[in-house]
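Below: the structure, in structure tokens.
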Protein chains: 2
Amino acid sequence: MARTRHARLDCAPGCPVEGTLQMIDGKWKGVVLFHLLSGTMRFNELRRQLTNCTQRMLTRQLRELEADGLVHREVYPEVPPRVEYSLTARGRTLEPVLLALKAWGEDHVIAPEIPAGEVELTLVPG
Amino acid sequence: MARTRHARLDCAPGCPVEGTLQMIDGKWKGVVLFHLLSGTMRFNELRRQLTNCTQRMLTRQLRELEADGLVHREVYPEVPPRVEYSLTARGRTLEPVLLALKAWGEDHVIAPEIPAGEVELTLVPG
DNA sequence: GCACATAGTGTCAAAAAGGATACCGTTATG
DNA sequence: CATAACGGTATCCTTTTTGACACTATGTGC
């Protein structure tokens, strides 16, 4: 179970907002869910996308997402081990949320990714 | 400054998602921002909307939101004290995010508010 | 004087989240 | 045998967040 921010969510008209945040607010969950939007990924594949994410933390967050029914974990009987993660149907419904978060972040938190070879200088008022 | 989930946000394409979550993920921030969408509110007015929210926590979260430029705090030279909170222009840009969070929460986390007088029984499979 | 209204602040403790490290299991290969 | 690949787990520690409690400021009315 993800973090329990609120023991009960019948507090006010805004509670659904908090309820959703309760599902996705662990460190790395947002970006993990975002990556899985584009398709199934294996553990290390995911991890390589996440700079500075430890194995321990990734495992924890994935297990919580799985427990909350947002992520599906498929174990293949192979050696070396092969485990794939994908969004559940329920997890897929988070797409509008994730895209909204991404859009806002790009506009207000960090500069968007700049494709290689396309460098643009931006002057920031002193 | 709100919680520092990530020291740096240049880690991957999904980082804007984490960047936005970093701004709004304190307990009560989501629901506070949501309420302020509909207009300016005073401290206790806000608090009455938030079941179980302590004065201390509300103050803390409001101060963080203010520091991050999402909320404007207006102090009136009156007694009793009168302080009003409202969304900044920057805070207003979070509307799509907040509405997406609310929509998902209503559909997947909790039942939506039922207007008084309109009671509907829902059977949950054992 | 006291009580009331409003909106806090300071401080410490408890709870929760995140981090570090060592270790594990399986099979395949040289 | 050692090493590699992959995806973990256990355990303890550190840091952060939240909660509890006491206290604060101002003017007004009784």
Side-chain angles (χ1 to χ4, degrees), chain A residues 1-9 11 18 21-32 35-36 40-68 71-86, chain B residues 1-9 11 18 21-32 35-36 40-68 71-86:
Chain A
M1 172 56 76
R3 163 192 196 185
T4 308
R5 297 158 63 117
H6 298 277
R8 298 160 51 216
L9 286 163
C11 52
E18 289 291 328
L21 283 172
Q22 182 155 316
M23 306 289 284
I24 66 175
D25 80 352
K27 188 173 182 182
W28 302 114
K29 283 186 184 175
V31 65
V32 164
H35 279 298
L36 292 180
T40 302
M41 296 177 82
R42 294 179 62 177
F43 186 87
N44 277 334
E45 192 179 356
L46 250 181
R47 193 168 164 221
R48 280 194 294 274
Q49 295 289 331
L50 316 174
T51 313
N52 297 319
C53 181
T54 63
Q55 194 181 60
R56 193 76 184 91
M57 282 305 299
L58 184 53
T59 300
R60 272 193 187 142
Q61 305 293 22
L62 282 169
R63 286 309 178 92
E64 282 182 20
L65 289 170
E66 188 190 359
D68 286 346
V71 162
H72 172 62
R73 177 169 171 271
E74 186 87 44
V75 183
Y76 292 79
E78 293 176 21
V79 169
R82 176 179 169 197
V83 179
E84 292 185 348
Y85 294 90
S86 56
Chain B
M1 173 53 77
R3 161 193 199 184
T4 308
R5 298 159 62 120
H6 300 276
R8 296 160 53 216
L9 285 163
C11 53
E18 290 290 330
L21 284 171
Q22 183 154 314
M23 307 290 283
I24 66 174
D25 79 353
K27 188 172 184 184
W28 303 113
K29 282 186 184 175
V31 65
V32 163
H35 280 298
L36 292 181
T40 302
M41 297 176 82
R42 294 178 62 177
F43 186 86
N44 276 335
E45 192 178 356
L46 252 181
R47 192 167 165 221
R48 280 194 294 271
Q49 296 289 330
L50 315 174
T51 313
N52 297 321
C53 181
T54 63
Q55 195 178 57
R56 193 74 185 85
M57 281 306 297
L58 184 53
T59 300
R60 272 194 190 133
Q61 304 294 23
L62 282 168
R63 286 311 177 92
E64 282 182 21
L65 289 170
E66 187 189 0
D68 286 347
V71 163
H72 173 61
R73 177 170 171 271
E74 185 88 46
V75 183
Y76 293 79
E78 295 177 19
V79 170
R82 175 178 170 200
V83 179
E84 293 184 347
Y85 295 90
S86 56

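Below, chains carry the letters A, B, ... as their sequence lines are ordered, and counting in each starts from 1.
A close approach under 4.0 Å does occur between a side-chain nitrogen or oxygen of B/Lys27 and OP1 or OP2 of D/dG19. For C/dA7, one of the phosphate oxygens OP1 or OP2 lies less than 4.0 angstrom from a side-chain nitrogen or oxygen of B/Asn44.
Atom P of nucleotide C/dA5 and atom CZ of B/Arg82 are separated by 18 Å, given to the nearest angstrom. In this structure, B/Trp28 atom CH2 and D/dT17 atom P are separated by 17 Å, rounded to whole Å. One atom, CG of B/Asp25, and another, P of D/dT16, lie 14 Å apart when rounded to the nearest Å. The CD-C1' distance, from B/Gln22 to D/dT16, rounds to 13 Å in whole Å. A/Leu21 has its CG atom 16 Å from the C1' atom of D/dT17, to the nearest Å. Summarising the geometry, the separation between CD on B/Gln61 and C1' on D/dT16 is reported as 12 Å, rounded to the nearest angstrom. Whole-Å rounding puts the B/Leu58 CG to C/dT9 C1' distance at 14 Å. Distance, B/Arg63 CZ to D/dT17 P: 18 Å, rounded to whole Å.
Out of C/dA5, D/dC6, D/dG7, the shortest distance to the side chain of A/Phe43 is found at D/dG7. Nearest to the side-chain atoms of A/Arg56 among the listed nucleotides D/dG8, C/dG8, D/dA10 stands D/dA10. The side chain of B/Pro81 approaches C/dA5 more closely than any other nucleotide in the set C/dA5, C/dG8, C/dG18. In this structure, the nucleotide among C/dG19, D/dG8, D/dC6 sitting nearest to the side chain of A/Arg42 is D/dC6.
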- Task: For A/Arg63 and A/Arg73, run side chain to side chain contact (heavy atoms under 4.5 Å, CB included): C-alpha distance rounded to whole Å, both residues' side-chain angles, the deciding distance at 0.1 Å, then the answer.
- Result: CA-CA 9 Å; A/Arg63 286 309 178 92; A/Arg73 177 169 171 271; 2.8 Å; yes

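Annotation: side chain of A/Leu58 is in contact with side chain of A/Val32 (closest heavy-atom distance under 4.5 Å). Within the 4.5 Å cutoff, the side chain of A/Leu50 has heavy atoms near those of the A/His35 side chain. Under the 4.5 Å side-chain criterion, counting only non-hydrogen atoms from C-beta, A/Ile24 is not in contact with B/Asp25. Using a 4.5 Å cut-off on side-chain heavy atoms (C-beta onward), B/Trp28 and B/Leu62 make no contact.
Backbone-only contact: A/Tyr85 has heavy atoms under 4.0 Å from sugar-phosphate atoms and none from a base. Contact annotation for B/Arg60: base contact, defined as any heavy-atom pair under 4.0 Å involving a base atom. Contacts of B/Arg47 with the nucleic acid, taken as non-hydrogen atoms under 4.0 Å apart, are absent. Contact annotation for B/Glu84: no contact, since no heavy-atom pair falls under 4.0 Å across all strands. The residue B/Gln55 sits close to a base: some heavy atom pair falls under 4.0 Å.
Both B/Met57 and A/Pro80 lie close to DNA chain D; mapped to their nearest nucleotides by heavy-atom distance, the more 5′-ward contact belongs to A/Pro80. Each of B/Arg73 and A/Glu78 lies near DNA chain C, and the nucleotide nearest B/Arg73 is the one positioned closer to the 5' end.
Side chain of B/Glu84 to backbone of B/Thr40: no donor-acceptor contact under 3.5 angstrom is found.
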